[in-house]
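Below is one structure, written out as structure tokens, with a few remarks after it.
Side-chain atoms are counted along with the backbone in the values below, which use heavy atoms only and exclude waters and symmetry mates.
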Amino acid sequence: VISAIFLKDTLDAAQNDAEQLVVDRLKKKAQYVQKLEEVFRAIDSSSDGMVTEEKLTQVLSNPKVAAYFQTLDVDVVDSTALFHLLDNGDGEITLDEFIEGILRCKGHARAIDQVAMRSELRQLDAKLSRLSFRLKEAGIIKSSGKAKVNGRMISA
């Protein structure tokens, strides 16, 4: 009976520790996101809610800013590469893109990110294959891998 009571108390304490760990992690993530919002607003000096590649490169060229990003566990060796990781393709980074991208870049790559990337690459490959097929059907690309661009034949 005493062993059962001791075991129950131990399991209850472990459950409380696990719940506290989750609460602590959520609190830390919220604080981290708040810091990222502050960083974004500091980079967005025009206050239009967008950051361009030039602006990000300019800001990250400051060694103090690069060091601050490292304290956030984000390596910013190449600002151009970072910009393209964060950007959705429109040439500007919004606050949401910035936060979501930095959270993905933080720390080591996770297995789920690698799986997602492989899936996106497969989808892109399928789209390119369909595009190539349609361009061949239209006679724009020949089977030899050559394409006609602006009246000139180039290797595709």
Side-chain angles (χ1 to χ4, degrees), residues 10-135 140-141 145-156:
T10 302
L11 291 175
D12 288 344
Q15 179 66 26
N16 288 339
D17 288 347
E19 290 172 4
Q20 186 60 41
L21 182 63
V22 169
V23 168
D24 290 346
R25 285 191 179 170
L26 289 174
K27 192 181 294 185
K28 284 183 181 180
K29 183 176 180 182
Q31 291 169 344
Y32 188 81
V33 167
Q34 186 176 5
K35 286 181 184 178
L36 290 177
E37 289 175 357
E38 292 169 6
V39 168
F40 182 85
R41 285 181 176 64
I43 295 171
D44 180 23
S45 57
S46 62
S47 299
D48 63 356
M50 300 287 196
V51 172
T52 63
E53 183 177 352
E54 295 79 26
K55 184 63 179 172
L56 185 64
T57 301
Q58 175 191 0
V59 168
L60 291 177
S61 67
N62 182 333
K64 289 181 180 179
V65 174
Y68 183 73
F69 268 84
Q70 286 180 341
T71 66
L72 295 175
D73 203 20
V74 178
D75 190 14
V76 289
V77 174
D78 184 2
S79 61
T80 301
L82 177 64
F83 179 83
H84 291 290
L85 285 171
L86 302 177
D87 183 29
N88 67 359
D90 63 359
E92 296 177 318
I93 301 171
T94 64
L95 175 62
D96 290 338
E97 290 171 339
F98 183 77
I99 290 172
E100 181 181 318
I102 294 293
L103 287 174
R104 278 191 320 236
C105 292
K106 182 179 182 283
H108 302 291
R110 295 181 303 253
I112 191 72
D113 291 331
Q114 293 173 2
V115 170
M117 188 178 353
R118 290 184 76 126
S119 172
E120 289 173 7
L121 284 173
R122 278 195 303 274
Q123 292 172 6
L124 181 60
D125 183 49
K127 288 177 183 178
L128 286 174
S129 293
R130 287 192 302 270
L131 177 62
S132 175
F133 178 76
R134 289 186 180 134
L135 290 173
I140 297 171
I141 294 178
K146 301 272 185 186
K148 194 176 217 179
V149 177
N150 295 330
R152 295 184 318 164
M153 292 300 288
I154 62 167
S155 294

(message) To the nearest 0.5 Å, what is the distance between OH on Tyr68 and CG on Asn62?
(response) 13.5 Å
(message) How long is the straight-line distance from CD1 of Ile99 back to CD1 of Ile93, given to the nearest 0.5 Å?
(response) 12.0 Å
(request) Identify the two heavy atoms, one from Phe40 and one from Leu95, that lie closest to each other, and give their separation to 0.1 Å. (result) CZ-N, 3.4 Å
(message) To the closest 0.5 Å, what do you measure between CG (Leu82) and CD1 (Ile102)?
(response) 5.0 Å
(message) So, taking the atom named CD in Gln123 and the one named CG in Leu128, what distance separates them when rounded to the nearest 0.5 Å?
(response) 12.0 Å
(message) Does Leu124 form a side-chain contact (heavy atoms from CB on, under 4.5 Å) with Glu120? I'd like the steps, not just the answer.
(response) CA-CA 6 Å; Leu124 181 60; Glu120 289 173 7; over 6 Å; no
(message) I need the minimum non-hydrogen distance between Val51 and Phe83, along with the two atoms involved.
(response) O-CE1, 3.6 Å
(message) Treating Ser132 as the side-chain partner and Ser129 as the backbone partner, does any N or O pair qualify as donor plus acceptor under 3.5 Å?
(response) no
(message) For a quick test of reading the model, state the closest non-hydrogen atom pair linking Glu92 to Glu97 and the distance between them.
(response) O-OE1, 3.0 Å
(request) Enter the distance from Leu60:CG to Lys55:NZ here, rounded to the nearest 0.5 Å. (result) 10.5 Å
(request) Any chance you could measure Thr94, atom OG1, to Asp87, atom CG, to the nearest 0.5 Å? (result) 9.0 Å
(request) Would you name the heavy atoms of Asp44 and Gly49 that are closest together and state the gap between them? (result) OD2-N, 2.8 Å
(message) What verdict does the side-chain contact (heavy atoms from CB on, under 4.5 Å) test give for Val65 and Ile43, after you've listed the backbone C-alpha separation in whole Å, the side-chain angles of each residue and the deciding distance to 0.1 Å?
(response) CA-CA 10 Å; Val65 174; Ile43 295 171; 5.9 Å; no
